[in-house]
2 protein chains.
Amino acid sequence: MRVDDLPEIRQLGLFASMSEEHFEELMKAAYLQNFPAQVELIGEGDSADFLFFVIEGCVELYGTANGREGVLALVRPVGSFILAAIMSDAVYLMSARTTKKSRILMIPAQNVRDAFEKDDGFARSIVVELAGYFRAVVKEYKDLRLRTGVERLANRLIKYHVSQGASGKVKLPCDKKTLASILGMTPENLSRAFGTLKAYGVSVDGGVVTLGDMKSLTVLAKPNPLIDDPST
Amino acid sequence: MRVDDLPEIRQLGLFASMSEEHFEELMKAAYLQNFPAQVELIGEGDSADFLFFVIEGCVELYGTANGREGVLALVRPVGSFILAAIMSDAVYLMSARTTKKSRILMIPAQNVRDAFEKDDGFARSIVVELAGYFRAVVKEYKDLRLRTGVERLANRLIKYHVSQGASGKVKLPCDKKTLASILGMTPENLSRAFGTLKAYGVSVDGGVVTLGDMKSLTVLAKPNPLIDDPST
DNA sequence: CCGAATTCTTGATTATTATCAATTGGATAT
DNA sequence: ATATCCAATTGATAATAATCAAGAATTCGG
């Protein structure tokens, strides 16, 4: 498949200030592929051979240790992942799998590093991208470290609510099993956390959650822009 | 105080490929200051006015939310902190305080950003630095998410043991209160975790820990280079 | 439509961690 | 030396979360 069909890639912050020539070169080396759901694209510990972009669908980044597994993030269109491993020329720290049928752009690591050496605009864009990644993980860390499960859920609901237009209803972006893992809890405890939030005006109907008492929910959640606001 | 007295700064990866001229410029704008212990250098939410380097002493990075506080990392000579906030021109996500008498180099954020624009080598070095930061936080996240307190302690002891020459003894790098916070637990639970590790050959005498049965300790800890090895 | 598989929920129990309280021990200052 | 402070430990209890088990609800393929 030709990559030229993807103007959204060219528009990405990462490539916006890259020269046309270098961009062409990168795209010539790139692969665009469709994957079914539940395909493991990379495994932690593998050497970083490709930089990935999610064009369509959704990819889950997760880690394993001591017999446990946890999802760190979902990547949706158009997002990249594991840029840091590429720039460090190191192994991946996280595994990645598709959660549904997905279209993925893969750029060989060496081409990315070559472009980084040749193209100053690209190098600077990578700084901005990595700084944003870093700050996002720090926020995840604080969320996990400083809040209980119920608080994490409450804040996540408020966050989704805002990003979806604050209509009073929230559409969950994934199934509850995955949401639980994103929030750092088991599915059982997510169910119970929803139960706890009933007293704060939260009612659940399948994948749709109604926030009926924002005031008391907010008192419980204590939302914090330094954790919850993706733009800070 | 003159910054020229600090050849170790020039040697840092961050500045190694920077032009002499731009480095001079940066250093001219920089402040070198001595702080006593327990001084709050920055507070989370403050706008990022300076990039910091620890020249001597030690600085603790910590975050607060929902009435709780947690240490994310200790920065020792010669390390920098909050580069990501500077490059994102955003507020600090973490607070920082000295844990002992420390000498700190501060470079105004705008000068750093100017140098980033002008000096391509510097821009590329920042990428490497940020990628390393990112990977370090991901490892912290996995450690916290996928391990129990006892496992975290066991792995930390093994890590210190290796970095200190694997003599069978480990000198703790800070008081136990701080260690507890770094490990994401309370001081009480750190005491109990040490108690649990007695059965695995670990004995504590003040700040010195003896590892008497590496084999069983390792079985318990299940060390993982993708979390514990700072060089991967 | 049915049946199989899976997700989701709920209950009971256990594990892990935090909190509160009391005490010990060492360091320091007067 | 004595008093004071604070880190560290220990015990008791409570909060939080994980695990195991069973059922209910939902999805999916035929």
Side-chain angles (χ1 to χ4, degrees), chain A residues 36-38 60 64-71 97 99-101 143-156 171-199 202-209 220-222, chain B residues 36-38 58 60 64-71 99-101 143-156 171-199 202-209 220-222:
Chain A
Q38 301 300 329
E60 204 175 49
T64 52
N66 296 51
R68 293 161 210 125
E69 172 180 318
V71 173
R97 72 165 86 91
T99 64
K100 50 173 141 175
K101 203 164 158 307
D143 190 47
L144 184 63
R145 173 86 182 261
L146 301 170
R147 287 172 169 163
T148 67
V150 172
E151 288 168 347
R152 291 199 295 279
L153 173 59
N155 279 295
R156 189 72 56 145
K171 173 90 179 58
L172 299 179
C174 54
D175 62 18
K176 296 208 181 85
K177 194 182 160 193
T178 304
L179 179 61
S181 193
I182 292 174
L183 290 170
M185 57 175 84
T186 58
E188 293 95 324
N189 276 332
L190 176 61
S191 272
R192 293 186 183 103
F194 271 122
T196 303
L197 291 184
K198 261 186 202 145
V202 175
S203 54
V204 185
D205 179 18
V208 178
V209 179
L220 170 77
K222 297 177 198 63
Chain B
Q38 302 300 328
C58 183
E60 203 175 52
T64 51
N66 296 48
R68 295 163 207 123
E69 174 180 316
V71 173
T99 64
K100 50 172 141 175
K101 202 165 157 310
D143 190 46
L144 184 63
R145 173 83 183 262
L146 301 171
R147 286 171 169 163
T148 66
V150 172
E151 288 169 347
R152 292 198 296 277
L153 173 59
N155 279 295
R156 189 72 56 145
K171 172 92 178 58
L172 298 179
C174 54
D175 62 16
K176 295 208 181 85
K177 195 181 159 192
T178 305
L179 179 61
S181 194
I182 291 173
L183 290 171
M185 57 174 86
T186 59
E188 293 95 326
N189 276 333
L190 177 61
S191 273
R192 293 185 182 106
F194 272 122
T196 302
L197 291 184
K198 260 185 204 148
V202 175
S203 54
V204 185
D205 179 19
V208 177
V209 180
L220 171 77
K222 299 177 197 62

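Each chain gets a letter, A, B and so on, in the order the sequences are listed, and its residues count up from 1.
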Whole-Å distance between [N] [atom2] and [X] [atom1]?
X: Leu183(B); N: dA18(C); atom1: CG; atom2: P; value: 11 Å
X: Arg68(B); N: dT19(C); atom1: CZ; atom2: C1'; value: 12 Å
X: Glu69(A); N: dA18(D); atom1: CD; atom2: P; value: 14 Å
X: Leu179(B); N: dA7(D); atom1: CG; atom2: P; value: 14 Å
X: Arg192(B); N: dT9(D); atom1: CZ; atom2: P; value: 11 Å
X: Lys177(A); N: dT27(D); atom1: NZ; atom2: P; value: 16 Å
X: Met185(B); N: dA18(C); atom1: CE; atom2: P; value: 8 Å
X: Asn66(B); N: dT16(D); atom1: CG; atom2: C1'; value: 15 Å

- Task: Evaluate salt bridge (Lys or Arg N to Asp or Glu O under 4.0 Å) for Arg97(A) paired with Glu69(A), printing each intermediate quantity in order.
- Result: CA-CA 13 Å; Arg97(A) 72 165 86 91; Glu69(A) 172 180 318; 2.9 Å; yes
- Query: Under 4.0 Å: is that the gap between some side-chain N or O of Lys176(B) and OP1 or OP2 of dA7(D)?
  - Reply: no
- Item | Distance below 4.0 Å between Asn189(A) side-chain N/O and dA17(D) OP1 or OP2 | no
- Item | Ser191(A) side-chain proximity, nearest of dT10(C), dA18(C), dT9(D) | dT10(C)
State, with a plain yes or no, whether a side-chain heavy atom of [X] is found less than 4.5 Å away from one of [Y].
X: Met185(B); Y: Ser191(B); answer: no
X: Ile182(B); Y: Val71(B); answer: yes
X: Leu197(B); Y: Val204(B); answer: no
X: Arg68(A); Y: Thr148(B); answer: yes

- Message: Determine whether a donor-acceptor pair (one donor, one acceptor, N or O, separation below 3.5 Å) exists between the side chain of Glu188(A) and the base of dC8(C).
- Response: no
- Note on the structure: The residue, Val204(B) or Val150(A), whose nearest nucleotide of DNA chain D is more 5′ is Val204(B)
- Task: Tell me what Thr186(B) touches on the nucleic acid: a base, only sugar-phosphate, or nothing, going by heavy atoms under 4.0 Å.
- Result: base
